[in-house]
**Q** 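This is the structure I have questions about; it appears just below.
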Amino acid sequence: MTRPLTRCGQNEVKRGMAMYLPDFDYYAPASLPEACALLAQSGPRAKVLAGGTDVLPMMKKEKIAPEILVSIKKLHQLTGIRETPGNKVVIGARTTHNELVNSPVLQKKYLSVCVAAHRIGNNQIRNVGTIGGNIVNAVPSADLPPILIALGALIKLTGTGGERDLPLEEAFAGPGRSAISPDEILTAVIIPGSSLTGSTYFKFAHRRSGALAVVGVAAAVTMEGEVCREARIALGAAAPTPMRAKKAEELLRGRVVTEELLEEAGRCAAAESKTRTSIRGSADYRRDMVRVFTKRALRKAIKDGHS
Amino acid sequence: MSYQVIGKSVKRVDAVAKVTGKAKYTGDFVEKDMLVGKILRSPYAHARVKRINTEKARALPGVEAVLTCADVPHIKFATAGHPYALDPEHRDIEDRLILTDKARFVGDAVAAVVARDELTAAEALKLIEVEYEELPSLLSVEAALAEDAPAIHEDRPDNVIASGGYAYGDLEKSMQESDLIFEGEYETGIVQHCQLENHNSYAYVDGENRIVIVSSTQIPHIVRRVVGQALGIPWGRIRVIKPYVGGGFGSKQDVCLEPLNAVMTLAVGGRPVRLELTREECMIDTRTRHAIKYKIKTGVSRDGKINAVHITAISNNGAYASHGHAIASSGGAKFRYLYTPQAMKYEPRTVYTNLPVAGAMRAYGCPQIFFAFESHLDEIARALNMDPIALREKNLVQVGHKDPLSDTRVLSCGIRECIARGRELIQWDRKKALYKNQTGDRRRGLGMACFSYQSGTFPHNLEVAGARIVLNQDGSVQLQIGATEIGQGSDTVFAQMVAEVLGITVDMVHVISTQDTDVTPFDPGAYASRQTYVTGMAVRKAALEVKEKILDFVRGMTDIPAGALDLREGNVVYAHSGEVVMPLAEVAMQSYYDPVFSSPITSDVSNNARINAMPYGATFAEVEVDIKTGKIEVLELFNIHDSGKIINHQLAEGQVYGGAAMGVGYALYEQLLFDEKTGRPLNNNLLDYKLPTIMDIPDIKAVFVETNEPTGPFGAKALGEPPAITPAPAIRNAVLDATGVAFRRLPLNPQHVFEKLKEAGLLDRDGE
């Protein structure tokens, strides 16, 4: 077995303490198979470390206590954003939020992803946090899953048993729980080619920077004149996991878009949502905001393209 | 009057030190083998400590001391940063122990450890076993005032700290004679200072067996006294040193750490011990701003003349008195200088609850009372169909006004000009007309609010200040003050004053920024926006004395009568012509080294400012309300201030930007939240407590209407705290203008606004 690079953490105190990292073994495998093998071997004792903006604070707060951190910083195939034949956009899992924001490919094709990435955390967070982390941590209020789900994204997973693609919307099991097996590493996010004509993400939060979404609403549409041929609506902070508002989508398909229809879609999405009360907002208020922002997101995606 | 240095935006005297990181703060000082102290806090809001077992903690390697209530002096002391009152009736309430045997809020300090490092200290805390007997917690003023409520402090069985207010005129008669009576209830939330530098200190015992405490404090001389009182030792045995401070806003106008830090070092044989709070600790166990509930009844004539005002207030003080009733009472007193009803009655009550301790915070009770009253006034204006400005103008104070309850007189007042400037800058009349009859999802509105304040605490408290100047050999001077620079820029302002009087440039004034109670002259410290005004008087007096001595020395050298001489541009000159007699540096050299007349020139003065002056101002705000979400956007914000003569415009603008931003946070974002059942804090961290970021703050415009205050040094009045007073009511009034809905509770966060708009019928039952 690979030897840990270093024994990290400042202490031998097993339970750790507020704002100090408990002890852990740190690995930085040089290849993907090696990383997967390490994860398979260690089971739930291990956690993948990318940007660390979520894992490390959770360890400091004693919410998780992995004994092993497997850094993926040497896995260079996990970087980069490229267009591939079939009009796909492949985004390496280690791509930081600011790399998303500044990507010419995304700015041209899916500005909505750049906009969503720009609303994450603050600039410091965006410089280190990654798209992969934003997905696998399965935080209900995460900003990237809604827009990526609306765009029909898939995630590429590699484990000891091989590689598989999974629709992003199936990647979540509950708050903080992903449907990815412990030995799998998320390597890339794939936005498939599609005929979508517009997409957008609205984050409603208590301040412009450094805030979690009260609700986040993404919408993607295919318009043909006044007729909505396809609609995809994905909600953040509206249920235990990021979710599609499928009834609202169904309502829109094949219909001539009117203000009333969009309002109806908003009401429908609100009814589908499973909001809960937290210090950021009551369940009722969040449901109201799902309604308001579903309408606004649809209107913007219809009017302004990928924006 | 024309000045050379006063009124100029000279560079901060500490700018280079701070930008290069050379300025040393408490945490930058390192003592050899410094130990670390940590505090064990109660998880219960109200509980008696029945038993504490410290055996396991003491046994942990690296633990040097474990302290409980039984191990520290059992002397109740007051923590508030007020000058000591010789009159026992006027003293702050002594209700605090260094470590308590009865927890009165979640976070109350019940034990402490000293260990070789922070990790060991934290681990030791976990090994302390405490058995609590839980008591019913009183988490609201209503619960605390209920008849069967248990006493939080045994000597205050009704949980009321104090209830002194004031009254003048015949309230009943004036109400009866009024055409209309208006009533309203208003409520503010609990917020926290969130200064950059968390509370921290370290302490050791020196070779003379004296306790030395280095602390991030606004009030070093008061800390010395309070530590002496809390430990029951002579005050002279304590030495407090205050280096650069990273902000306080009143949370460091209180003695939070130092008595415990002192007993910690005593417990380990005088070895140095550092005590530093985390942000999470800082937000619950330093101080907060009082939440206050007001009931206001106002009698008004049909033309808008305010005849009678009756205000009752209940102030939530939390678990210990700290500044106690002084905040509710001071807010009411400062408020008295803005409008002039024939009769007024102010009845505040300050109440203990099992929540974190409320204390001093920027503008000391004024953001609360002005939110209430300025909101109330706009409701009256709407009912009378009057412009809110016209209603205020009808009732504003005049120069020469004598306070009906004290000898204080208003000798300068620029409030009318402030309002006129605001009206013009925000284009009040044009936009007011434009925003009538809006429908739509997004509606705009304009609002304004006025304030009066004071410069220091006279006549309520002593306002003494000390300053000391030494003329150096090169013609530069050293300036020492007891007043504290905590980021507000007072050192620079004092340097300007000295430079002005002595006719030298600011870089020839070396300000000793550190206060050390062994060395610096006495001054209670930074609070009440007092330093420019009160300490400024002492600095000016010290500079004038040095000037007199210089000119007298020159007379000795030249036989030119001192009255014919002046100091300008680093020279001694003939006053009438400006003709240079000799460079100041030459006088300085002679004063040091003349074989016969050597007598280095110094001054060491104290000034007891038995006077006060009222600064005024107004905020004008334009907002856009998203009716469908309740989100309020502040589009424009003007803060217009009459703080007398502005000594340094750039620094003054900085005060206004910071204060107004704090006011925006108070209006729209900030609130400390607690679990309704347990009293546990829900958001004592900077992720969940929504302090607005710079991206959320509008482009604040700072405007000054400069009056000349005859009592102030160089015509100056207070400025530090006032910018935070009126943004909240101005924004609230703008929301009223935009929506027609009168909000009466802070903060106006989106959910609160949405729910209220829905209630008011702006949205249908489904929220549309």
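A note on names: the letters A, B, ... follow the listed sequences, proteins ahead of strands, and every chain is numbered from 1.
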**Q** Could you look at B:N685 and say if it's the side chain, the backbone, both or neither that has a heavy atom under 4.5 Å from chain A?
**A**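 No part of it gets close to chain A.
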**Q** Considering only heavy atoms from C-beta outward, does the side chain of A:T96 approach that of A:V128 to under 4.5 Å?
**A**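 A side-chain contact is absent here, since even the closest heavy-atom pair is not under 4.5 Å.
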**Q** Chain B heavy atoms under 4.5 Å from A:A270: which part of the residue, side chain, backbone, both or neither?
**A**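 Neither part; nothing is under 4.5 Å.
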**Q** Heavy-atom distance under 4.5 Å between the side chains of B:V623 and B:I731, does that happen here?
**A**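 When only atoms from C-beta onward are counted, B:I731 and B:V623 do touch, with a gap below 4.5 Å.
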**Q** Checking B:L682 against chain A: side chain, backbone, both or neither under 4.5 Å from a heavy atom?
**A**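 Both backbone and side chain of B:L682 come within 4.5 Å of chain A.
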**Q** What's the spacing between A:L298 CG and A:L252 CG if we round to 0.5 Å?
**A**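 So the CG of A:L298 and the CG of A:L252 are separated by 5.5 Å.
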**Q** Measure distances from A:R296 to the heavy atoms of chain B and classify the residue's part below 4.5 Å as side chain, backbone, both or neither.
**A**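 Contact with chain B: side chain only.
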**Q** Using the side chain to side chain contact (heavy atoms under 4.5 Å, CB included) definition, which of the options B:N198, B:L686, B:T278, B:L277 pairs with B:M283?
**A**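 Result: among B:N198, B:L686, B:T278, B:L277, B:L686 is the only option passing the side chain to side chain contact (heavy atoms under 4.5 Å, CB included) with B:M283.
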